[in-house]
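Here's the structure, in structure tokens; my notes come after.
Keep in mind the model is a prediction, meaning the values are calculated, not measured. FYI, the numbering just counts along the sequence from 1.
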Amino acid sequence: MYIDDEVNITKVIKYGLEQYGFAVDVFNHPKAALSSFQPGVYDLLLIDIRLPEINGLDLCNKLLRIDSNVKICFITAYDLKKEEVRNRVPDLQTECIIKKPVSFDNLVSKINGQLHRNN
């Protein structure tokens with residue numbers, strides 16, 4: 001699941017990840033993602049930090065209450081420190097922060113790293 005309010009970016013990321021063999025559901029609004037999210041459906045969530053109405057960190061907390069085992073990577077064009085993530089999302093197992101702009105090779109490498117890590 002990829003959650004980002006920038007429609008053009010989500011189209012490009014979805015297409016690119018699909019070329020690497022990933023199945024990607026895109027949501028451009030955090031409330032739509034939250035209402036559609038079900039435990040056990042997604043291996044990984046890719047969440048933009050700056051979202052309307054619910055920021056990515058708060059959305060992450062809500063999603064982790066639904067499925068505490070889902071793996072998460074944050075994607076952002078802004079500086080985000082691991083300490084801030086730890087403080088705001090204490091139930092997150094590991095901090096995966098991807099800085100925009102990102103190459104697909106780097107994005108896929110980060111995603112695969114999260115998917116293959118042990119909880």
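Residue pairs meeting the disulfide (SG to SG under 2.5 Å) criterion with at least one partner in residues 61-103, sequence neighbours excluded, are Cys73-Cys96.
Asp43 meets the salt bridge (charged side-chain N to carboxylate O under 4.0 Å, His left out) test with no other residue; sequence neighbours excluded.
Put simply, the side chain of Ser35 gets close to the backbone of Ala32: a donor and an acceptor are under 3.5 Å apart. The closest donor-acceptor contact from the side chain of Lys71 to the backbone of Leu44 lies at 3.5 Å or more, if one exists at all. Looking at Asp5, its side chain never comes within 3.5 Å of a backbone N or O of Leu51 through a donor-acceptor pair. Proximity of a side-chain donor or acceptor of Asn28 to a complementary backbone N or O of Asp4 within less than 3.5 Å is detected. A distance-only check finds a donor-acceptor pair linking the side chain of Lys99 to the backbone of Ala77 [under 3.5 Å].
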Original post:
Given the rule in the side-chain hydrogen bond (donor to acceptor under 3.5 Å, both in side chains) test, do Tyr78 and Asp48 qualify, once you have shown the distances and angles that lead to the verdict?
Top reply: CA-CA 10 Å; Tyr78 303 95; Asp48 186 32; over 6 Å; no
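Note that CG of Leu46 is 11.5 Å distant from CE of Met1, once rounded to the nearest 0.5 Å. Separating the CG atom in Leu45 from the CD1 atom in Ile72 is a distance of 5.0 Å, to the nearest 0.5 Å.
Hydrophobic clustering keeps Ile3 apart from Val12 (ILVMFWY residues linked when any side-chain heavy atoms are closer than 4.5 Å, directly or through intermediates). Note on Val26 and Ile54: separate hydrophobic clusters, where clusters join Ile, Leu, Val, Met, Phe, Trp and Tyr whose side-chain heavy atoms are under 4.5 Å apart, directly or indirectly. With hydrophobic clusters built from ILVMFWY side chains whose heavy atoms lie under 4.5 angstrom apart, Tyr42 shares a cluster with Leu64.
Counting heavy atoms from C-beta on, the side chains of Ile47 and Phe27 never come closer than 4.5 Å. A heavy-atom distance below 4.5 Å is not found between the side chains of Phe22 and Ile13. In this structure, the side chains of Leu34 and Ile66 come closer than 4.5 Å at one or more pairs of heavy atoms. A heavy-atom distance below 4.5 Å is not found between the side chains of Val102 and Lys110.
The number of heavy-atom neighbours closer than 6.0 Å to OH of Tyr15, taken from other residues, nucleotides and ligands shown, is 12 or below.
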